Amino acid sequence: MNRKFFLSVALAIYLFAGCAFSADVQTSGNPLFPGWYADPEVAFFDGQYWIFPTSSLPFDEQTYFDCFSSPDLVNWTKHERVLTNEEVKWARRAMWAPAVVEKDGKYYFFFAANDVHEGEVGGIGVAVADKPEGPYRDLLGKPLINKIVNGAQPIDQYVFRDDDGTYYMFYGGWRHCNVVKLKDDFTGLIPFEDGSYFREVTPDNYVEGPFMFKKDGKYYFMWSEGGWTTSNYCVAYAISDSLFGPFERIGKVIEPDPNVGKGAGHHSVLHAPSGKWYAIYHRRPLTERDGNSRATCIDEMKFNDDGTIAPVKLTFEGVKADPVK
Ligand code: FUB
């Protein structure tokens with residue numbers, strides 16, 4: 001073999017191996033996309049992954065929501081201002097923590113606005129669109145829940161569809177969590193059998209950010225603990241036979257890692273078509289001090305043989321591509 005031919009072959013092998021290697025290790029990276037985005041709600045709509053986060057800014061600047069879509073968890077497209085306070089007349093500021101569901105071909109975007117206190121206008125609202133990326137329009141022209149019940153600030157809603165098709169909404173800040181039953185068209189609440197509309201389900205240490213999923217017939221209830229501007233913000237969980245609990249706290253599942261990120265919390269969970277489970281959460285880079293410097297991250301979530309959740313390992317790499325087939 002002459003020297004020139006040998007070098008060409010060696011170069012070709014090197015380039016091929018390099019491509020194969022980079023295809024192999026293609027990961028999402030963390031954060032998932034640029035910008036300060038908190039409270040990420042993940043969804044799977046229209047054959048794509050979607051993330052609907054809070055714009056992590058001072059309260060007076062939180063007047064709009066962007067969202068992101070991806071075919072594989074690695075490549076993300078930004079959709080700007082899918083809902084703004086120009087559309088929601090009663091919302092002035094502090095537009096927080098979307099929860100989005102698809103029903104009968106329409107997309108319903110639940111959100112909180114105004115950081116509402118007793119006697120003020122604000123709370124949890126709902127908007128509707130024909131596509132996941134909006135544009136969303138206010139469904140009611142007023143909040144769906146405005147009042148403070150059982151001490152729970154009406155923020156941080158999560159909408160859960162049970163196996164019988166009934167939609168429930170878990171919500172609440174200020175260390176209290178309520179569950180309500182939603183009307184089929186999401187225009188209001190339905191009373192429980194005892195005539196009440198709100199049921200408190202607060203577990204120990206609960207602060208905000210409730211989330212629920214069902215696996216192997218059990219209800220997994222998750223929530224954030226600590227202060228969202230602090231380093232120790234984290235996520236804990238419980239498993240119950242009933243949607244209404246009791247939710248006995250098992251322990252923390254997403255925690256800050258002093259070598260990776262601070263204040264890891266307010267998450268959601270994705271069960272991808274591949275069968276893999278992912279936690280999508282926000283965290284503050286180690287270099288950042290401002291409470292609003294929150295970035296959306298993803299890491300794999302695994303279960304132990306007994307059904308409990310293994311602690312999520314925070315990474316800089318994120319996850320490997322998980323393309324929607
Ligand atoms: O992003 C605004 C608020 O911060 C959320 O509603 C809370 O859960 C906390 O993440």
Side-chain angles (χ1 to χ4, degrees), residues 31-33 35-42 51-68 83-85 88 91-100 109-117 120 122-126 143-146 148 151-159 169-178 202-203 205-212 221-237 252-256 261-269 279-285 288-297:
L32 271 184
F33 30 75
W36 298 131
Y37 289 101
D39 317 328
E41 161 105 350
V42 69
I51 291 180
F52 299 87
T54 299
S55 304
S56 196
L57 299 163
F59 289 6
D60 285 339
E61 294 169 34
Q62 291 177 309
T63 56
Y64 65 91
F65 293 103
D66 297 330
C67 78
F68 299 82
L83 177 65
T84 75
N85 70 345
V88 186
R92 285 185 300 113
R93 68 201 288 258
M95 294 179 84
W96 292 347
V100 185
F109 188 118
F110 296 79
F111 60 96
N114 297 352
D115 181 28
V116 74
H117 292 66
E120 297 174 355
I124 295 170
V126 56
L144 175 67
I145 298 181
N146 166 242
I148 288 139
Q153 188 185 31
I155 62 166
D156 286 6
Q157 62 296 318
Y158 176 68
V159 177
M169 186 168 73
F170 292 85
Y171 77 90
W174 296 347
R175 301 183 172 274
H176 291 274
C177 184
N178 291 332
T202 312
N205 272 15
Y206 173 93
V207 173
E208 58 195 11
F211 187 86
M212 176 170 273
F221 187 61
M222 308 177 84
W223 62 90
S224 292
E225 299 184 345
W228 66 267
T229 55
T230 68
S231 300
N232 65 355
Y233 199 51
C234 61
V235 173
Y237 80 110
K252 294 180 184 175
V253 68
I254 304 176
E255 282 193 84
K262 304 184 274 189
H266 200 133
H267 77 307
S268 55
V269 170
I280 291 87
Y281 59 94
H282 72 239
R283 71 185 191 215
R284 192 168 297 108
E288 294 295 325
R289 292 177 149 211
D290 188 309
N292 276 316
S293 300
R294 299 176 291 174
T296 290
C297 298

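What you are looking at is a predicted structure, and each value in this text was computed from that prediction instead of being measured. Remember, it's 1-based here, ligands and their atoms both numbered in the order they're listed. Any value given below was found using the heavy atoms of this structure, including those in side chains, with hydrogens, waters and symmetry copies removed.
In Tyr281, neither the side chain nor the backbone holds a heavy atom less than 4.0 Å from any atom of ligand 1.
Close placement of the Phe211 and His267 rings is indicated, their centers lying within 6.0 Å of each other.
Protein heavy atom closest to atom 1 (O) of ligand 1, with residue, atom name and distance, is Asp39 OD2, 2.6 Å. Scanning the protein heavy atoms around atom 9 (C) of ligand 1, the nearest turns out to be Glu208 OE2, 3.4 Å.
Note: no N/O pair closer than 3.5 Å links Gln62 and ligand 1 by distance alone. Residue-to-ligand polar distances place Arg294 within reach of ligand 1: an N/O pair is separated by less than 3.5 Å.
If you check the side chains of Asn178 and Tyr171, you find a donor sitting under 3.5 Å from an acceptor. Side-chain N/O atoms of Thr54 and Asp39 include a donor and acceptor closer than 3.5 Å.
Under the salt bridge (Lys or Arg N to Asp or Glu O under 4.0 Å) criterion, Arg92 pairs with no residue at all, not counting sequence neighbours.
The CD atom of Glu208 lies 9.0 Å from the CD atom of Gln153; values are rounded to the nearest 0.5 Å. In this structure, the separation between CD1 on Ile155 and CZ on Phe111 is 14.0 Å, given to the nearest 0.5 Å.
Among Asn292, Asp156, Thr229, Asp115, the residue whose heavy atom lies nearest to atom 7 (C) of ligand 1 is Asp156.
Atom numbering of ligand 1 starts at 1 in the shown order; those under 4.0 Å from a heavy atom of Tyr233 are 8 (O), 9 (C), 10 (O). Residue-ligand proximity, Thr54 to ligand 1, at heavy-atom distances under 4.0 Å covers atoms 1 (O).
Look at His282 and you'll find a heavy atom under 4.0 Å from some atom of ligand 1.
Summarising the geometry of Asn146 relative to Pro154, their closest heavy-atom pair is O-CG, 3.7 Å, with the distance given to 0.1 Å.
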